[in-house]
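In what follows, a structure is listed as structure tokens, so that the remarks can point back to it.
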2 protein chains.
Amino acid sequence: MVNPAWLRSFCTLVHTQNFTRTAEQLFMTQSGVSQHIKKLEGFLGASLLDRDANGFELTEAGRRLYQQAQPIVDSLAHLQEQVMADPPHQGRVNVISPGSVGLQLYRHLLGFQQQHQGLIIDHRFAPNGSIESAVVQKHADIGLMTQIPQHPQCAFNDVGREQLLLVTPASESVPSLSALEKLGFIDHPDGHHHANLLLSANFSDFSSSQQIPVRGFSNQIGLILEPVSLGLGFTVLPQHAVASFAKPESIRVHTLSTPVYEPLYLVTSATTQRPARVQVLLEEIRAWLKSG
Amino acid sequence: MVNPAWLRSFCTLVHTQNFTRTAEQLFMTQSGVSQHIKKLEGFLGASLLDRDANGFELTEAGRRLYQQAQPIVDSLAHLQEQVMADPPHQGRVNVISPGSVGLQLYRHLLGFQQQHQGLIIDHRFAPNGSIESAVVQKHADIGLMTQIPQHPQCAFNDVGREQLLLVTPASESVPSLSALEKLGFIDHPDGHHHANLLLSANFSDFSSSQQIPVRGFSNQIGLILEPVSLGLGFTVLPQHAVASFAKPESIRVHTLSTPVYEPLYLVTSATTQRPARVQVLLEEIRAWLKSG
DNA sequence: GGTTAACCATAACGTTTTGTAATCATCAAG
DNA sequence: CTTGATGATTACAAAACGTTATGGTTAACC
């Protein structure tokens, strides 16, 4: 492999056009520079300089080398600081969250990214299980979950809760369990989990969401309420997913005797020391979720 | 400066996740790899690997280093071939020519560049003097001149000739010298030179273009004939500049008893060995000019 | 529980490479 | 003809390098 010190000498020489000055600039002797160039030429098997009466000029190979070498020398020179640097508002952060909080996060993340142009935020939606494994495998820097992560490598904080809402077509007034059974369930990735939580807390005769027929499924958070609005079934969703639905007049949200909440956990990998950009975003998210 | 061999070891290690296999791949011993990583960590003043029970994973610094180092290692590995490579249809070529041939060249150059996407052609117009010095100073790889270059570092070939034409407003029939004097001259960068050549060969009573009043000047080859078409004066131009004028009906080109031609020289720097891309383009241009 | 194999770290050491000091060669200016 | 500036060359001591040999840890297997 080429010795980059040779490249540096060569590049400096191209700048100064003078061996002696190059040596001074690099805190070495003229002899050293001379040898560096010679070694470079030997290594490449081509002469780099056309020596003539007063001074020299680059050969074609020299020009090409200069073009190639200069950026290499520069990156090598800045390597150390680049590796040590930990800019708080630059670089990539991967965030993964369930659909509902995701909708809330989305506008915050976009706004934050607008404030910090160097920042690249990769934001994806996924069900709890995928989120946990994404964090453990370090595909995601920050995860949001509605269950406590089980993996020992996960660190988590309780950062709030979100109410689960029973949503039916607008025509449905005060729903009974039998009415819901007749209506049918519009399922989504966390659908059965949510339905079990909400219905068991409010209907004594409810045993399991198994007893309710499924009439549809969508993993697009924005689309789950469409079939409900068309009268095709009911569903149970966190409030943010409901709040962002475009046609609120065609659905009905029901106030139940026992409100049910889903906890929210901010999950990160316990093992890694966090880069500043992740730490900063983590605290931003915490603040957003606290303030609503 | 960092030893790039250390970087290479590190990058390979990140790939293989295994010191021994890294060593094999790099034809060295496991001990060597281990020492390379240690030296890197020492140099950067940060640990790169989180050693744990079975194997290791990268620290944040390690990840950043990998990101920085991989391209450096790659460019260093390919440096030699890159410097030695001389692709005939890739890279930049600077061409400089007088306006008239330039117009002819332009479409050829564009067509050639379309055929070879990697090729970047910088084509500029300039008067003879500037062209010669651009070639000598190597700002241009290929120059076209209508005079023999004087500088000893210029190599040149006769590549054709171009007729000089007397152009007047359409209303002018058979021009006499006195009529031209009355009409006045529309000057351009080579205007006086062209006028002297053409008029002295065809009008025995012509002494010098000084005797003809100048009515205008443009260094935009496409605009010189505008004032002529408006009846503001006459000019003398090479044929290509005339042929590309948009309103031929409003000017008149006069057939003179003694046609005058301007030679065309392809000029390059004599000292440098030419890169393939320049040589190729040189021959293309030669062919274009020969065929018309 | 002991053996084995895989893996990485460390120490010692001969070899190679490096960069300096000293010197030489060339050239232009005074 | 001298002088000063420039680059090339040589010899040598110091530094860096990568190998061999060895030690420590862990996991798998009998």
Side-chain angles (χ1 to χ4, degrees), chain A residues 1-59 62 65-66 69 73 76-77 79-80 152 271, chain B residues 1-59 61-62 65-66 69 73 76-77 79-80 271:
Chain A
M1 196 174 314
V2 210
N3 184 335
W6 303 347
L7 296 179
R8 183 182 51 181
S9 294
F10 176 71
C11 288
T12 310
L13 179 63
V14 173
H15 283 137
T16 63
Q17 290 286 314
N18 179 303
F19 282 67
T20 311
R21 243 170 302 144
T22 298
E24 285 165 8
Q25 212 167 310
L26 299 179
F27 302 104
M28 49 190 293
T29 58
Q30 169 266 313
S31 166
V33 176
S34 188
Q35 289 175 66
H36 275 188
I37 305 303
K38 174 154 288 215
K39 281 171 182 169
L40 249 185
E41 293 185 318
F43 174 84
L44 294 172
S47 54
L48 300 169
L49 306 179
D50 266 337
R51 276 88 168 172
D52 61 6
N54 43 359
F56 56 83
E57 54 181 29
L58 292 182
T59 62
L65 177 62
Y66 180 66
V73 170
L76 278 176
L79 187 65
Q80 193 167 11
T271 57
Chain B
M1 194 172 316
V2 209
N3 184 335
W6 303 346
L7 296 180
R8 183 182 49 182
S9 294
F10 177 71
C11 289
T12 309
L13 180 63
V14 173
H15 284 137
T16 62
Q17 290 286 316
N18 178 305
F19 283 66
T20 310
R21 244 170 299 144
T22 299
E24 285 167 8
Q25 211 167 313
L26 299 179
F27 302 104
M28 49 190 291
T29 57
Q30 169 266 316
S31 165
V33 175
S34 186
Q35 289 176 63
H36 276 190
I37 304 303
K38 174 152 288 213
K39 281 171 182 170
L40 249 186
E41 293 185 318
F43 174 85
L44 293 172
S47 54
L48 299 169
L49 307 179
D50 265 339
R51 277 89 168 170
D52 61 6
N54 43 359
F56 55 83
E57 55 181 28
L58 292 182
T59 62
L65 176 63
Y66 180 66
V73 170
L76 278 175
L79 187 65
Q80 190 166 15
T271 57

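In what follows, chains are A, B, ... by sequence order, proteins preceding strands, each numbered from 1.
Taking the six-membered ring for Trp and thresholds of 30 and 60 degrees, B:Trp6 and B:His36 have ring planes inclined between 30 and 60 degrees apart.
Side chain of B:Arg21, nearest nucleotide from D:dC17, C:dC7, C:dT18: C:dC7. Comparing D:dA8, C:dC8, D:dC17 by their closest approach to the side chain of A:Phe19 singles out D:dA8. Listed nucleotides D:dT19, D:dG7, C:dT20 differ in distance to B:Thr29; the shortest reach to its side chain belongs to D:dT19. Among the nucleotides D:dC17, D:dG7, C:dC8, the one closest to the side chain of B:Phe56 is C:dC8. Ranking C:dC8, D:dA8, D:dT6 by closeness to the A:Ser34 side chain, first place goes to D:dA8.
Annotation: the span from B:Met28 atom CE to B:Gln35 atom CD amounts to 8.0 Å, rounded to 0.5 Å. Atoms CG and CG, from B:Leu48 and B:Leu58 in turn, are 8.0 Å apart once rounded to the nearest 0.5 Å.
Residue side chain A:Gln35 reaches the base of C:dT20 through a donor-acceptor N/O pair under 3.5 Å, judged by distance alone.
Taking atom CZ on B:Phe43 and atom C1' on D:dC17, their separation rounds to 17 Å, with Å as the unit. Atom CD of B:Gln30 is separated from atom P of D:dT22 by 15 Å (rounded to the nearest Å). Distance A:Met1 CE to C:dT16 C1': 17 Å, rounded to the nearest Å. Per the geometry, CD belonging to A:Glu24 stands 16 Å off C1' belonging to C:dG19, to the nearest Å. Remark: C1' of D:dC17 and NZ of B:Lys38 are 16 Å apart, rounded to the nearest angstrom. Across the protein-nucleic acid pair, A:Leu13 atom CG and D:dG7 atom P stand 8 Å apart, rounded to whole Å. Distance, B:Leu7 CG to D:dC17 P: 12 Å, rounded to whole Å. In this entry the distance linking CG of B:Leu40 with P of D:dA16 reads 15 Å, nearest Å.
At D:dT25, none of the side-chain N or O atoms of B:Arg51 fall inside 4.0 Å of OP1 or OP2 (strictly under the cut-off). For B:Asn18, a side-chain nitrogen or oxygen approaches OP1 or OP2 of C:dC8 to under 4.0 Å. Taking only side-chain nitrogens and oxygens, B:Lys39 never comes nearer than 4.0 Å to OP1 or OP2 of D:dA16. At the phosphate of C:dT18, OP1 or OP2 sits under 4.0 Å from a side-chain N or O atom of A:Asn3.
Between A:Leu7 and B:Leu76, some side-chain heavy-atom pair lies under the 4.5 Å cut-off. Looking only at side-chain heavy atoms (C-beta outward), A:Thr59 and A:Leu49 stay at 4.5 Å or farther from each other.
A:Ser31 comes within 4.0 angstrom of a base, heavy atoms only.
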